[in-house]
Amino acid sequence: MSKIAFIFPGQGAQYCGMGQDFYEQTALGKEIYDTASGLLGFSVPELCFEKNDRLDITEYTQAAMVTTSIAMMRVLEAEKGVKPDVAAGLSLGEYCALAASCVMSDADAIRTVRERGILMQKAVPAGKGAMAAILSLDAFAIEEVLSGMEGVQIANYNCPGQIVISGRKEKVEEANEKLLAAGAKRAILLNVSGPFHSEMLTGAGEKLFEFLEGVSISDPFIPYVSNVTAKYVTDGMLVKDLLKKQVSSSVRWQQSVETMLADGVDTFIEIGPGKTLAGFIKKIKRDVNVFNIEKLEDLDKVSFL
């Protein structure tokens with residue numbers, strides 16, 4: 001019997017047009033998109049399915065991504081009867097994991113990420129922050145270089161050989177040079193709208209915590225893995241503080257996957273646009289089952305589970 005994890009991608013996936021078949025061809029998918037439109041005060045299908053500049057703006061990106069992943073997940077569960085044993089998501093994707101774990105309602109997850117996106121967008125003036133992907137240098141070496149620097153930190157532990165750093169633009173650029181000198185194969189500045197998961201967003205996390213005071217949180221129906229700790233969360237009382245910290249803390253994705261593997265998870269279903277997480281998992285442990293759900297026809301891939 002497989003032990004199944006639902007995993008959800010974060011911001012950065014290419015998803016214009018993704019989910020349109022779920023919206024147009026399933027009643028449940030359409031209901032979730034239309035509910036999101038009512039909650040947010042704008043057309044989420046128009047945002048997701050028509051080319052527009054808003055998809056590059058964090059406050060819209062986050063709402064689009066979470067609505068799309070939740071719609072795909074609910075259709076998968078309803079039509080194929082596939083249920084997860086655990087859930088996890090990278091950065092923004094953690095909110096989909098919260099919905100999968102019944103910690104938050106789907107509606108509250110969508111409302112909260114909209115607020116999160118607005119707060120993150122406002123936190124740092126454009127051009128002041130940056131992020132960079134560091135390739136082919138181990139985490140310890142990166143941590144050692146950054147330990148002597150202020151204003152830059154590890155944002156994402158994605159997988160062996162790929163770590164993302166974040167912080168003040170000039171400090172990220174300086175760190176890139178030092179990391180290349182330390183043996184990194186490449187240091188690539190990312191096309192992002194802010195220094196996500198850096199201390200520059202601490203204030204945004206604190207304001208998000210205030211918003212979360214009005215959000216109902218339940219104990220997880222199934223465990224989910226926190227980005228901040230890379231450990232299972234089974235107590236709803238911990239959730240709001242973890243989500244506050246998540247905005248400015250490192251995303252420990254590799255460690256989160258290792259936690260699930262150690263617990264016997266042998267099947268990962270990535271739900272949402274792109275195949276980024278599947279690629280990370282195969283670099284962490286090759287001999288596990290990994291599936292992607294990003295088109296309606298993909299549901300048949302997991303019918304046997």
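Counting from 1, the numbers follow the sequence of the chain as shown. Side chains included, hydrogens not; waters and symmetry mates left out as well; all remaining heavy atoms used.
- Counting only N and O atoms by type, the side chains of Y60 and Q121 include no donor and acceptor under 3.5 Å apart.
- Here L299 contributes atom CG and M72 contributes atom CE; the two are 9.5 Å apart, rounded to the nearest 0.5 Å.
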Residues K207, E210; criterion salt bridge (charged side-chain N to carboxylate O under 4.0 Å, His left out); working and verdict
CA-CA 5 Å; K207 290 176 181 177; E210 295 175 8; over 6 Å; no

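- Evaluation of the salt bridge (charged side-chain N to carboxylate O under 4.0 Å, His left out) rule for K275 yields no partner, not counting sequence neighbours.
- F291 is linked by a ring pair (Phe, Tyr, Trp, His ring centres under 6.0 Å) to F304, counting only residues two or more places apart in sequence or in another chain.
- H197 contributes a side-chain N or O that, together with a main-chain N or O of S249, makes up a donor-acceptor pair within less than 3.5 Å.
- The salt bridge (charged side-chain N to carboxylate O under 4.0 Å, His left out) check on D298 picks up K295, K301, with sequence neighbours excluded.
- Stacking of R54 on the aromatic ring of F42 is recorded, both the 6.0 Å distance cut-off and the 45° axial limit being met.
- For the side chain to side chain contact (heavy atoms under 4.5 Å, CB included) criterion with V288, the lone passing option out of V265, V257, T267, L261 is L261.
- Here the side chain of T259 pairs no donor or acceptor atom with the backbone of K231 at under 3.5 angstrom.
- Rounded to the nearest 0.5 angstrom, L277 CG and W253 CH2 are separated by 5.0 Å.
- Side-chain atoms of Q255 never come within 3.5 Å of backbone atoms of A230 as a donor-acceptor pair (strictly under, hydrogens ignored).
- Proximity of a side-chain donor or acceptor of K240 to a complementary backbone N or O of L212 within less than 3.5 Å is detected.
- Under the 3.5 Å distance criterion, the side-chain polar atoms of N292 are left unmatched by any main-chain donor or acceptor of E270.
- A donor-acceptor pair under 3.5 Å is absent between the side-chain atoms of N227 and the main chain of L90, judged by distance alone.
- Listed by chain and residue number, D34 satisfy the salt bridge (charged side-chain N to carboxylate O under 4.0 Å, His left out) test with K30 (two or more places apart in sequence, or in another chain).
- Between the side chain of N52 and the backbone N or O of L47, at least one donor-acceptor pair lies under 3.5 Å.
- One hydrophobic cluster, built from ILVMFWY side chains closer than 4.5 Å, cannot hold both L98 and V86; they sit in different ones.
- Atom-to-atom distance recorded for T202:OG1 and K244:NZ is 10.0 Å, nearest 0.5 angstrom.
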Given T68 and V44, is the side-chain contact (heavy atoms from CB on, under 4.5 Å) satisfied, shown in steps?
CA-CA 9 Å; T68 295; V44 178; over 6 Å; no

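- Proximity of I163 to L137: side-chain heavy atoms (C-beta onward) are nowhere separated by under 4.5 Å.
- Put simply, the side chain of T112 reaches to within 4.5 Å of the side chain of L208, judged on heavy atoms.
- Not one N or O on the side chain of Q246 forms a donor-acceptor pair closer than 3.5 Å with the backbone of V228.
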Step-by-step side-chain contact (heavy atoms from CB on, under 4.5 Å) determination, L92 to R116
CA-CA 9 Å; L92 171 65; R116 180 181 184 265; 4.0 Å; yes

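- Checking each of I70, D108, L243 against Y95 for a side chain to side chain contact (heavy atoms under 4.5 Å, CB included) leaves exactly one that passes, namely L243.
- If you take CD on Q254 and CD on E258, they are separated by 4.5 Å, rounding to the nearest 0.5 Å.
- From M200, atom CE reaches atom NZ of K169 across 12.0 Å, with rounding to the nearest 0.5 Å.
- Ion pairing between a basic and an acidic side chain is recognised when a charged N comes within 4.0 Å of a carboxylate O; E77 and R74 show such pairing.
- Relative ring orientation between Y23 and F49 is described as tilted, the plane-to-plane angle lying within the 30° to 60° band.
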Could you go step by step and tell me if L146 and I154 meet the side-chain contact (heavy atoms from CB on, under 4.5 Å) rule?
CA-CA 8 Å; L146 298 189; I154 292 179; 3.8 Å; yes

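- The CD atom of Q20 lies 9.5 Å from the SG atom of C48; values are rounded to the nearest 0.5 Å.
- With hydrogens and angles ignored, the 3.5 Å screen pairs no side-chain donor or acceptor of N156 with any backbone N or O of V251.
- Residues L28 and I293 share a single hydrophobic cluster, defined by chaining ILVMFWY side chains whose heavy atoms lie under 4.5 Å apart.
- Annotation: side chain to side chain donor-acceptor pair (under 3.5 Å) contacts of D263 (sequence neighbours excluded): K3, Y232.
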Walk me through whether Q62 and M65 qualify under side-chain contact (heavy atoms from CB on, under 4.5 Å).
CA-CA 5 Å; Q62 298 199 18; M65 191 73 169; 5.9 Å; no

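- With sequence neighbours excluded, the residues that form a salt bridge (charged side-chain N to carboxylate O under 4.0 Å, His left out) with K245 are D241.
- In this structure a side-chain-to-backbone donor-acceptor pair under 3.5 Å is missing from R186 to I134.
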